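In what follows, a structure is listed as structure tokens, so that the remarks can point back to it.
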Amino acid sequence: MPFRLSPPAILSLLKTCKTLRDLNQVHAHIIRRGCEQDHYLIAQFLTICTAAQPANVRYPTAAFNSVISPNIYLWNILIKIHCENAPLSGCFSLFRRMRKGGNVVPDKYTFPSLIKACSSVSALREGRVVHAAAVRCGTEGDVFMGSSLIDFYGKCREIESAWKVFDGMCVRNEVSWTAMMVGCLDCGDMDAAGKMFDEMPKKNDATWNAMIKGLVKLGDLVNARKVFDEMPARDAVSFTTLIGGYAKAGDMAAARFMFDQMDSKDLVSWSAIMSGYVQNGKPGEAVKVFGEMRDRNLKPDEFILVSLMSACAQLGSSELARWIESYMHEGPYDTMRPHVAAALVDMNAKCGDMARATKLFEEMPRRDLVSYCSMIQGLCIHGRGAEAVALFHRMIYEGVRPDDVAFTVILTTCSHAGLVDEGCRVFDLMTEKYSMSPSPDHYACMVNLLGKSGRVKAAYELIRSVPMESHAGAWGALLGACRSQGDVELGEMVAKRLFQVEPQNAGNYVLLSNIYAEAERWLNVSDLRERMSEKGLRKVPGCSYLDSTTPA
DNA sequence: ATAGGGTTAG
């Protein structure tokens, strides 16, 4: 390093930094030039450090630590960096360190980042401590402080506290009003939210978009669209929110219409339309959108690639899977991030490469619930039920708590593989150890499991005790089991219940009719046919999987 | 330098 750069030169060099290596070089210039105590330069350095390496708080912290007496400006930056990238405990120890020996007084810039860190993990107690500290420092009257507190209490579902802050503020702006309105929306209080929306003196894009999101969340797409249309200037967020709403409602035609109307699509909107297609079982469309995106020379981000991998898993295309993996290998993608790693495992398992899925799974730094489920399901698909059960227990042993989806996956696996005892044990585990109440899907799995092994009576006893309105699927599964076991008496009983719960479902009539037919009780068969036509029910014609891929 | 709005996996 032959030159001694002037501080302004260092600063302009700093702004070009991309990698840790670049930063190291600039840092060396700072030290060489003896600028380590230059507060302004160090402040810029910390900011750019974090922009380049968000997860790495050690480097900016080290640079900060070499400053002998950092001013409040520097402290605030470092605290913010920790609040956005490090565990809450670290943020608080830094805050304590500042208060004890920092020779500085926290100001109105110090607290909002701490509050935000608390709201991101719903740490109510800790947030109250910060609130109290801010009051002691006399900064509670600041608009930023008030707005972050409203957001915090809203996210912690402490709406009364949020109101108290809101009402106590002497100056409010759009952010304060919007945060309060979002608090009302999150509490499901649409009336209060609507009142806030109408009464607030000024709205900006975030306000309008928050209201659209609230309506979308309620499933009220008509009013969401109305607000969208009334909005003075719709931006990418407005479009994307509505696209997400249409996608969740299964209306991909409307989602696509919105998407096509956007004149400046950003990565998030591309991600939203792709995940919409994936959610609605249209993986081919998702892949097509990905192609359009690449035609425009846009670089996909991790969100988009996760959706693409999910689409690939649905297609089961090993060629595409290999392409995606090599594509990601060449780019700046972190395949160890939980969502990405889980998607990779799932894609490989569903595209037939269990060896690759296993390798990726075992190489993960920490295997999370979703990756475990992907692996268990993969083993199930490949007929390796016993290994799937073993993996499920390893997951629990590793301290990962199964949720309802995980239990559905493992129970389906047991049913698929005919592992009756194992399935029953898992079901007991769910209800006893984890005290979860089984969903209709769980009951349906158990009914299939017991039914397959001929224990239709046991299946009947299991679901008789739970309210049947919510368990039509399980009763349907039981009727199917009665059919395959040829149990006419139980079949009749089950069908009678189903006819009450789902009078429109022709499938139940057909199943019972088949049970009668197999028992050669033709009178009952024709009797049932008559009842069906009286109700105007017709069996929906079945079609093969191959036919269903090319719908009319 | 600080606060509010949209996208990801089983």
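Every chain is numbered from 1 and lettered A, B, ... according to where its sequence line falls, protein lines coming before strand lines. Values below: all heavy atoms of this structure, side chains included; hydrogens, waters and symmetry mates excluded. This one's a predicted model, so the numbers in the text were calculated from it and none came from an experiment.
- Closest to the Gln377(A) side chain, of the nucleotides dG10(B), dA9(B), dG5(B), is dG10(B).
- Here dG6(B) presents its C1' atom at 15 Å from CE of Met258(A), a figure rounded to the nearest Å.
- Here dT8(B) presents its P atom at 6 Å from NZ of Lys248(A), a figure rounded to the nearest Å.
- Look at CZ on Arg337(A): it is 9 Å from C1' on dT8(B), rounded to the nearest Å.
- Under 4.0 angstrom from either OP1 or OP2 of dG6(B) there lies at least one side-chain N or O belonging to Lys213(A).
- Between Asp441(A) and Thr408(A), the side chains place no donor N or O within less than 3.5 Å of an acceptor N or O (distance only, hydrogens not considered).
- Put simply, Ser238(A) has no side-chain N or O that comes within less than 4.0 Å of OP1 or OP2 on dG5(B).
- Taking the centre of each ring, Phe303(A) and Trp270(A) stay at or above the 6.0 Å mark.
- Atom CG of Asp142(A) is separated from atom P of dG4(B) by 14 Å (rounded to the nearest Å).
- Side-chain atoms of Val268(A) lie closest to dT7(B) of the nucleotides dA9(B), dT7(B), dA3(B).
- Between the side chain of Asp403(A) and the base of dG10(B), at least one donor-acceptor pair of N or O atoms lies under 3.5 Å.
- For the pair Lys203(A) and Phe197(A), the cation-pi criterion (under 6.0 Å, within 45° of the ring axis) is fulfilled.
- Rounded to whole Å, atom P of dG4(B) lies 14 Å from atom CD of Glu174(A).
- Residue contacts for Val409(A): at a heavy-atom cut-off of 4.0 Å it reaches no nucleic acid atom on any strand shown.
- Atom-to-atom, CG of Asp186(A) to P of dG5(B) comes out at 9 Å; the value is rounded to the nearest Å.
- Contact annotation for Asp205(A): base contact, defined as any heavy-atom pair under 4.0 Å involving a base atom.
- As judged by a 4.0 angstrom heavy-atom cut-off over every strand, Gln279(A) is placed among residues touching the sugar-phosphate backbone only.
- Remark: P of dG4(B) and NZ of Lys202(A) are 18 Å apart, rounded to the nearest angstrom.
- Applying the 3.5 Å distance criterion, the base of dG6(B) shares a donor-acceptor pair with the side chain of Asp266(A).
- For Lys350(A), the side-chain atoms get nearest to dG10(B) when compared with the rest of dG5(B), dG10(B), dT2(B).
- Between the side chain of Asn173(A) and the base of dG4(B), no donor-acceptor pair under 3.5 Å is found.
- The side chain of Ala406(A) lies closest to dG10(B) when the candidates are dA3(B), dA1(B), dG10(B).
- Looking at heavy-atom distances under 4.0 Å, Ala341(A) makes no contact with the nucleic acid at all.
- Phosphate proximity of dA1(B) to Lys108(A): absent, as no side-chain N or O sits under 4.0 Å from OP1 or OP2.
- Between Ser271(A) and the phosphate of dT8(B), there is no side-chain N or O to OP1/OP2 separation shorter than 4.0 Å.
- When the nucleotides dG5(B), dG10(B), dG4(B) are ranked by their closest atom to the side chain of Asp235(A), dG5(B) comes out on top.
- The side chain of His339(A) lies closest to dT8(B) when the candidates are dG5(B), dT2(B), dT8(B).
- Comparing atom distances between the Asp346(A) side chain and each of dT7(B), dG4(B), dA9(B) picks out dA9(B) as nearest.
- As a whole-Å value, the separation of Arg234(A) CZ from dG6(B) C1' is 16 Å.
- Using a 4.0 Å heavy-atom criterion, one finds that Ala206(A) contacts the bases of the nucleic acid, with or without backbone contacts as well.
- The backbone N or O of Val57(A) sits less than 3.5 Å from a side-chain atom of Thr61(A), completing a donor-acceptor pair.
- Across dA1(B), dT7(B), dT8(B), the shortest atom-to-atom separation from the side chain of Asp301(A) is found for dT7(B).
- Of all nucleotides listed (dG10(B), dG5(B), dA3(B)), dA3(B) comes nearest to the side chain of Phe144(A).
- Using the six-membered ring where Trp is involved, Trp163(A) and Phe166(A) have ring planes that are perpendicular, over 60° apart on the 30 and 60° scheme.
- Using modelled atom types and a 3.5 Å distance limit, the side chains of Asn280(A) and Glu285(A) yield no donor-acceptor pair.
- Remark: Lys116(A) is in phosphate contact with dA3(B), judged by side-chain N or O atoms under 4.0 Å from OP1 or OP2.
- Within the nucleic acid shown, Leu369(A) comes within 4.0 Å of at least one base atom, counting heavy atoms only.
- Under 3.5 Å, the side chains of Asn56(A) and Asn85(A) contain no donor-acceptor pair of N or O atoms.
- With a 6.0 Å cutoff to the six-membered ring centre and a 45° limit on the axis angle, Lys108(A) does not count as a cation-pi contact of Phe144(A).
- Within 4.0 Å (heavy atoms only), Ser275(A) reaches sugar-phosphate atoms of the nucleic acid but no base atom.
- When distances are taken from the side chain of Val175(A) to each of dG5(B), dA3(B), dT8(B), the shortest belongs to dA3(B).
- Here Tyr109(A) does not count as stacked on dT2(B), because the ring centres are not under 5.5 angstrom apart with planes under 30°.
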